[in-house]
Amino acid sequence: MRRLAAAVLLAFGALAASPAAADDAAQRIYEAECAVCHGKDRLGGIGPALLPENLGRLRRGEAAKVIASGREATQMPGFSGRLAPEEIERLAAFVMTPLPAMPRWEMGEIAASRTLFADPDRRPAAPRFAADPLNLFVVVESGDHHVTVLDGERFEPLARFPSRFALHGGPKFSPDGRFVYFVSRDGWVTKYDLYALEVVVETRAGINARNIALSGDGKVVAVANYLPHTLVLLDAHDLSPMKVIEARDARGTTSSRVSAVYQAARRKSFIVALKDVPELWEVFYEEDPPKVYAGFVHSYEKGMTEGLAEKGRFPVRRIRLDEPLDDFFFDPAYRNLVGSSRDGGRGVVVNLDVGRPIAAIDLPGLPHLGSGIAFEHDGRWMMATPHLKEGALSVIDLETWAVVKRIATPGPGFFLRGHQNTPYVWADVFMGKPNDSLQIIDTRSLEIVRTLTPSPGKTAGHVEFTRDGRYALVSVWDMEGALVVYDAATFEEVKRLPMKKPSGKYNVYNKISLSPGTSH
Ligand code: DHE
């Protein structure tokens, strides 16, 4: 770690007399100028954590620009009047240097971080508004770190509130659709009441989190962390910590980042992807796990009891793999998942009942399986996935695992959406150049039937349908962006709401009913 820090500083050459001296100088500037908001240990405060893991997608040059000029629509001021350019460069290098040791963030730290904004036990009985509470959209505006709650019939905002810095991944809804949970890259989990339109409670479950999942019974929030290497289970009622599970391989020797956690309501479990060890985990959340076994096939019971690694509350079943897998798609029955291989050229099918890989799918061009969706074609269940490095969508038969078709698109895409009440799937070319268009694919012919460009020259991506599938809502990813509502049958624009880089939007009903056309 020290060598890496030294290498980063050496890269500055003329700026530093010696790496250690530069480090000390940067540390002093940090303490004087930054620690008050970002924490003396860089783990965050009112400002976000300043660690390379949390700043992952920001290049050092961009970090220096933010330090110099501030960040639009946040409380981050510019320091160009206070610090010399070389001091700003040093600071940028400093915050991109990993911490010397894994920060401690266990039950005590998690419990101490919990902040109540309203009483979780005293919630109003009915919504504060007349709109259909199951047809609300929750829109994450990543441009200025806000969330808008939108009436899904009139497309009018009901509330807009500041979120934690850098929310990532889909928010998760309680089974009745009343509460929604968010996670920020800094590990803050927020519980929001969609009836009262207010934040109830927040807890910091990790230093660098990946995503969250909510158990099918709505009682447990699971948090996947890169820093530290943990899976954290929170009580969904008041976000108090229930258990911290350290991510280690079966021998206990290798620790692993937790890439992601997914709910598998039909199995009464969470499925956990591990970044650094060739295992995936199934964690059972019921208070009395043996009850879970009833109803599953014998091979499943056998595989599970043999593989159980950790007993007591939240027992962990380890499924051994040939290599770590990431970025999971689940079939509608949650019997199989498809994960991405490390080389990004294959999908590996793991059967969760028997607990082992059963097939491999040739998928060159880095499939983005996490954005995969399911639909019926010619009476058979298919999945479609975009590719991050290829202008194509792959359509895969969910019984035979054969690639039925590769649909060429104008560029690599990121997100994909469908709905059970429409025959069309909407794809973006988020990673392409240009990336301002959307392709509409007919699931009957598997052909592109229409291309839409909501705002020429501005990135278009991430679609979500109303609960009845009649309208599709599209994001224009720009500080002067918009949420554009289209008629999902005629593809005519119906309404346009200005928004600050609306990254994702999520319809309550589609999420809680586990619509095959959307992420869960
Ligand atoms: Fe995401 C979902 C991982 C970069 C926006 N992203 C997810 C999920 C995972 C994931 C595992 C599913 C979590 C869930 O919903 O519970 N994302 C990753 C990465 O590993 C990657 C490539 C690198 C990283 O920085 O972590 C990555 N993601 C991005 C972005 O750069 C995006 C475009 C902008 C951003 O906000 O960071 C981005 N990711 C999203 C969004 C979702 C998401 C909007 C939710 C999609 C949905 O509809 O459910």
Side-chain angles (χ1 to χ4, degrees), residues 48 51-59 137-145 147 163-173 180-187 189 208-214 221-227 257-264 270-275 280 324-330 337 339-340 342 344 366-373 385-389 412-419 426-431 435 459-465 472-475 477-478 481 483 500-507 510-511 514-515 517-520:
L51 303 173
E53 293 84 355
N54 297 48
L55 300 169
R57 285 157 310 125
L58 197 72
R59 275 186 229 105
F137 284 84
V138 167
V139 188
V140 174
E141 291 184 67
S142 58
D144 63 352
H145 309 281
V147 172
S163 72
R164 284 278 164 182
F165 184 82
L167 297 183
H168 176 239
K172 302 294 167 348
F173 295 88
V180 56
Y181 299 83
F182 304 90
V183 69
S184 74
R185 290 204 182 248
D186 282 358
V189 179
N208 179 246
R210 297 290 296 162
N211 79 325
I212 51 172
L214 185 68
V221 179
V223 188
N225 286 323
Y226 263 8
L227 274 184
R257 290 168 289 173
V258 181
S259 308
V261 56
Y262 306 87
Q263 65 79 29
F270 295 113
I271 304 294
V272 183
L274 301 177
K275 187 84 179 168
L280 70 83
L325 296 177
D326 214 343
D327 197 22
F328 294 168
F329 165 84
F330 292 84
L337 66 80
S340 192
R342 248 196 183 161
L366 201 55
H368 193 208
L369 296 163
S371 284
I373 57 160
T385 178
H387 292 258
L388 298 172
K389 289 196 174 160
F414 203 89
F415 302 109
L416 198 59
R417 273 293 190 276
H419 189 281
W426 295 49
D428 57 48
V429 286
F430 199 81
M431 313 295 281
N435 61 359
T459 310
H462 199 277
V463 179
E464 178 75 293
F465 290 87
L473 279 63
V474 175
S475 290
W477 286 58
D478 193 89
L483 198 69
K500 298 277 179 205
K501 215 177 185 185
S503 54
K505 69 217 68 68
Y506 309 88
N507 178 274
N510 294 343
K511 295 293 169 191
L514 304 182
S515 161
T518 193
S519 58
H520 309 146

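Both ligands and their constituent atoms are indexed starting at 1 by order of listing. The basis for the numbers below is simple: all heavy atoms, side chains too, and nothing from hydrogens, waters or symmetry mates.
- For ligand 1 and Tyr506, the ligand atoms under 4.0 Å from any heavy atom of the residue are 44 (C), 45 (C), 47 (C), 48 (O), 49 (O).
- Residues Lys505 and His462 have side chains that bring a donor and an acceptor to within less than 3.5 angstrom of each other.
- With salt bridges taken as basic N to acidic carboxylate O contacts below 4.0 Å, none links Arg210 and Glu53.
- Smallest separation of non-hydrogen atoms from Ala209 and Gly187: CB-CA, 3.6 Å.
- Here CD of Glu464 is found 6.0 Å from CZ of Phe137. Values are rounded to the nearest 0.5 Å.
- Between Asn211 and ligand 1, a contact under 3.5 Å exists for at least one N or O pair.
- Under a cutoff of 6.0 Å and an axis angle of 45°, Arg185 and Phe165 do not form a cation-pi pair.
- Residue Arg210 has at least one heavy-atom neighbour below 4.0 Å for each of these atoms of ligand 1: 3 (C), 18 (C), 19 (C), 20 (O), 24 (C), 26 (O).
- Contacts between Glu464 and ligand 1, counted as non-hydrogen atom pairs separated by less than 4.0 Å, are absent for every part of the residue.
- When only interatomic distances are considered, the shortest N/O to N/O separation between Lys511 and ligand 1 does not fall below 3.5 Å.
- Here Arg417 has side-chain heavy atoms under 4.0 Å from ligand 1, and that is the only part of it that gets that close.
- Checked by distance only, ligand 1 and Trp477 stay at 3.5 Å or farther apart across all their nitrogen or oxygen atoms.
- In terms of polar-atom proximity, defined here as any N/O pair under 3.5 Å, Gly170 does make such a contact with ligand 1.
- Between the side chains of Asp428 and Asn435, no donor N or O sits under 3.5 Å from an acceptor N or O.
- The contact set between ligand 1 and Ser519, taken as ligand atoms under 4.0 Å from a residue heavy atom, comprises 47 (C), 48 (O), 49 (O).
- Residue contact check: His462 has heavy atoms under 4.0 Å from atoms 46 (C), 47 (C), 48 (O) of ligand 1.
- Looking at Tyr226, Phe414, Phe415, it is Phe415 that brings a heavy atom closest to atom 41 (C) of ligand 1.
- If you check the side chains of Asn510 and Thr518, you find no donor sitting under 3.5 Å from an acceptor.
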Does Glu141 form a salt bridge (Lys or Arg N to Asp or Glu O under 4.0 Å) with Lys501? I'd like the steps, not just the answer.
CA-CA 5 Å; Glu141 291 184 67; Lys501 215 177 185 185; over 6 Å; no
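- Aromatic ring pairs are classed by plane angle as parallel below 30°, tilted from 30° to 60° and perpendicular above 60°; the pair Phe430 and Phe414 is tilted.
- With ligand atoms numbered from 1 in the order given, ligand 1 contributes 16 (O) to contacts under 4.0 Å with heavy atoms of Ile212.
- Contact atoms of ligand 1 toward Lys172: 14 (C), 15 (O), 16 (O) (distance under 4.0 Å to a heavy atom of the residue).
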